[in-house]
Amino acid sequence: MARGQDRKIVTQLNPGCVGCGTDKTLMYIRAEGPKDTMHLVWDFIYGPPLITLVIGETNSSLVVNWNGTSISDFFFNGTIKYSFFTSLYKLYEYNDTEDVGYMTPQSPYHYDSLEHLTWTRADAVLNDKEVMVRVDGHFRHKPGTVEVKLRYLPFTDYASDLPHLIHTANSTLVDVSLVNLTSSRRFNSSRFALNMVLLPTDIQQADELHFITRKSLDDEHTPGVFEIIEIKTPQSFAGEEGGYLQFRPVAYTDPKREVSSSTNVHMSPFNNTGSNAARVLRPLAVNKDIFGAQTFVSFGMPGDGFYTKHNYTAWSFTAGYGTPPVEGFSLFVIIIISIGLGVPVLLALSGIIYVIDKRYKQRNMPQRLTDNE
Amino acid sequence: MRTPRMLNVTVKIYSFFRYFGVRLGTVIYMTIVFIGAVIFAAGVYINAFWLMILGRFIFGIGGESLQVVVNNYVVLWFKGKELNMVFGLQLSFSRFGSTVNFWVMEPIYRWISNYYAGYERLGVTLFIAAMTCFVSLLCGIILGWMDYRAEKILERHEATGNEEPFRLTDIRHFKSVFWLLSVICVAYYLAIFPFIALGKLFFERKFDFPPQEANNVNSMVYLLSAALSPFFGILIDKTGRNVMWVIISNVTTIGAHFVLAFTFLNPYIGVIALGISYSLLASGLWPLVALIVPESQLGTAYGICQAVQNMGLATVIILAGMIVDSYGYLMLEMFFLGCLFISLVAAVLIYIIDSANNGVLNMSPEMRDNVKIHTSSDNSAETANLLDNEEYTDQEEIDSRRPDDGDPDQSPAVPRNPAVAQSDRIRTRYLAQILPNTNIPYRQ
């Protein structure tokens with residue numbers, strides 16, 4: 001695989017905090033590369049789940065000061081070259097009365113802000129090959145869980161689970177699962193949508209983000225799904241160092257992700273968030289005048305029985321930096337094609353030579369025989 | 001769903017059939033097919049998988065046997081006259097029927113949704129589909145009545161079914177070329193029928209076609225086969241050189257699958273190429289069997305081709321579904337390409353082996369005539385005449401008939417035996433019965 005140089009990583013969970021329990025999750029990954037250092041912060045403490053990606057100079061670092069078990073101070077040491085924030089901001093429930101499978105401006109809706117959920121760390125892996133954390137968000141007054149699983153692998157490969165997205169040393173792999181959510185009694189066609197906010201340093205307007213739907217010939221890793229959707233900031237689009245989101249428009253309605261349990265993902269066009277951005281950004285006063293763009297990601301397809309049919313939806317995307325990785329044909333495909341094309345051609349060639357040789361001999365042989373007689 | 005087809009070791013059916021005779025046989029098997037279709041629809045309606053399987057099982061038994069009987073009808077009525085053309089027409093019509101099926105079922109299914117939902121919706125659609133079997137049954141009864149009258153008027157005596165069918169021991173005498181042909185029979189067709197079975201979703205997903213449009217693309221292969229088969233038959237009649245045509249169609253099929261797998265070009269391009277290649281291959285391939293296997297063993301030979309092919313298709317259709325679910329459509333296309341490569345290698349090997357043996361398989365008709373003059377004995381020429389019109393059964397793949405089929409029989413590769421002449425007549429009879437038209441299984 002191309003793209004994304006491997007990085008040397010140092011990981012800290014709640015760096016500097018002594019008495020932090022599973023109710024506090026702030027994962028800090030310092031990934032040092034040859035040219036720069038990438039700081040990844042997965043934050044479930046301040047507000048809604050926030051993935052912070054900051055590119056700084058090689059010797060830059062994050063400083064977190066604690067006041068008991070809450071953060072008092074939070075800043076980067078050293079020059080920051082670029083930053084890109086991805087926030088899972090709100091969870092919308094809407095009534096899909098027309099059964100179209102996505103959220104329209106006409107859909108009645110209500111929402112829960114994800115910052116009001118209680119985020120409890122359910123699992124964590126920290127080593128120099130993989131960093132993973134799973135945090136479950138519980139609603140205060142109703143059942144249902146929003147599970148967020150974040151993974152960082154400092155090399156380029158396909159993720160182990162469907163839809164097998166490509167992760168690189170410059171990206172975070174995000175899985176969001178909506179598990180047994182309580183749907184509103186007022187809605188009989190209830191579906192859920194995630195409200196996401198992106199805060200790249202290189203945009204001033206939401207429409208500067210490039211929304212690209214790419215088609216790939218290869219659905220080997222995501223059977224039946226040929227599309228790849230990429231959201232690129234202007235810098236990433238220009239082939240420079242900017243932020244991106246990448247995903248396949250497929251979600252799963254069963255924890256056992258399979259083709260048969262797949263459903264559609266629909267991402268709305270981005271629009272400006274206005275003052276929300278500052279709120280989301282509160283913990284990371286990296287750049288005060290940073291600008292936010294929001295989108296709604298809805299799940300489902302017509303006639304699927306809505307969310308309540310399975311009470312489960314899981315979706316994956318990667319949030320990263322640089323040029324999004326491009327999938328290539330696997331070795332297997334290349335081998336089959338080479339053998340498949342090579343063998344008949346070789347055989348045909350050798351056959352032709354053999355036949356010509358034989359004919360030539362046949363033509364000459366009888367003559368010689370008669371001559372001899 | 002397709003496992004019942006494994007039963008289709010067609011041979012068994014034959015012995016069953018002779019107890020009934022053509023007329024009664026048609027009605028009985030048609031009834032079985034109808035019952036099978038209704039049971040399957042009922043299984044869908046109440047969402048009972050086992051009942052669906054049972055329905056398909058019964059359908060399979062009836063369908064395969066029905067083909068045998070219907071072929072017998074054709075031989076009975078058109079023997080020595082327009083047999084080849086009638087078989088051709090029969091094939092064209094059944095292909096066209098498949099195409100119509102592709103076109104109408106989707107609208108019917110949508111229309112049913114006004115009245116039913118869920119399993120019941122699909123079940124009711126299938127009940128409606130089963131009605132076509134009922135219409136067929138009525139046709140069978142009318143045909144029986146017509147045949148009864150014809151028998152009275154012409155004072156014809158039914159002489160079916162006193163021959164010994166299928167001799168497995170014949171297998172020992174088959175040449176390596178025959179086994180290579182069998183390889184093509186399996187490998188090539190694996191890249192056609194399972195593709196059509198899974199094609200609709202492929203066109204929807206990869207090319208974003210709406211369901212009806214996807215169906216139309218998918219039906220192109222059958223439609224082209226219906227339209228082109230007679231013409232390719234004539235082409236190969238005129239040019240001979242069957243092996244070359246088989247190799248060419250293998251190559252163009254590979255090209256078609258390449259276009260479908262590795263480009264986003266309009267799938268009509270790939271599918272039309274696929275349909276043309278498939279028709280061409282069918283026209284070139286099946287007569288080859290007659291060129292290499294002694295006439296007395298032809299029944300066994302075609303039976304084996306047919307059986308291995310059905311066996312291959314029955315298992316691969318399941319495998320293909322698993323490939324799609326686990327590895328995607330690109331891998332499925334790779335699998336099809338792999339099969340085609342095997343088929344191509346087999347074809348090239350046939351060409352090489354044949355060239356080493358005077359190359360009769362790849363001769364033009366004139367060259368075959370020359371060989372015939374040099375090698376044939378009197379009685380074999382007579383046999384050839386006898387067989388000219390009865391050579392082939394309505395195996396769906398035998399899309400065209402070759403008037404010069406007699407010629408190859410004179411090929412030096414086939415030892416002539418005067419005694420064979422007598423059994424030839426018998427052989428052609430049961431040949432027709434032994435080889436069912438495989439349209440029914442693939443028509444989905």
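Order of the sequence lines fixes the chain letters, A, B, ..., with proteins taken first and strands second; residue numbering starts at 1 for each chain. Quick note: numbers below take in every heavy atom, side chains included, and nothing from hydrogens, waters or symmetry partners.
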- Message: Within this structure, what is the CG-CD distance for the pair A/Asp218 and B/Glu333, rounded to the nearest 0.5 Å?
- Response: 12.5 Å
- Message: Quick check on the interface: out of A/Lys215, A/Glu258, A/Glu220, A/His221, who has the most heavy-atom pairs with chain B under 4.5 Å?
- Response: A/Lys215
- Contact class of B/Leu337 relative to chain A, heavy atoms under 4.5 angstrom: neither
- What part of A/Glu227 gets closer than 4.5 Å to chain B, counting heavy atoms only: side chain, backbone, both or neither? side chain
- Message: Need one label for B/Val324: side chain, backbone, both or neither, based on atoms under 4.5 Å from any heavy atom in chain A.
- Response: backbone
- Of the non-hydrogen atoms in B/Ala261 and A/Leu217, which two are nearest, and what is the gap between them? O-CD2, 3.8 Å
- Item | B/Leu330 side chain reached by A/Phe329 side chain, heavy atoms, under 4.5 Å | yes
- Message: How about CZ on B/Phe258, more than 12 heavy atoms from neighbouring residues, nucleotides or ligands closer than 6.0 Å, or not?
- Response: yes
- Message: Need one label for A/Ser216: side chain, backbone, both or neither, based on atoms under 4.5 Å from any heavy atom in chain B.
- Response: backbone
- Message: Measuring only between side-chain heavy atoms, which start at C-beta, is A/Asp219 closer than 4.5 Å to B/Lys206?
- Response: no
- Bottom line for B/Asp208: the part with an atom under 4.5 Å from chain A's heavy atoms is both
- Answer yes or no: are there more than 12 heavy-atom neighbours, outside A/Glu130 itself, under 6.0 Å from its atom CD? yes
- Around atom OH of A/Tyr312, are there more than 12 heavy atoms of other residues, nucleotides or ligands at under 6.0 Å? yes
- Query: Considering residues, nucleotides and ligands other than B/Tyr119, do more than 12 of their heavy atoms fall under 6.0 Å from its OH?
  - Reply: no
- Given a strict heavy-atom distance threshold of 4.5 Å, which part of B/Phe335 is in contact with chain A: side chain, backbone, both, or neither? neither
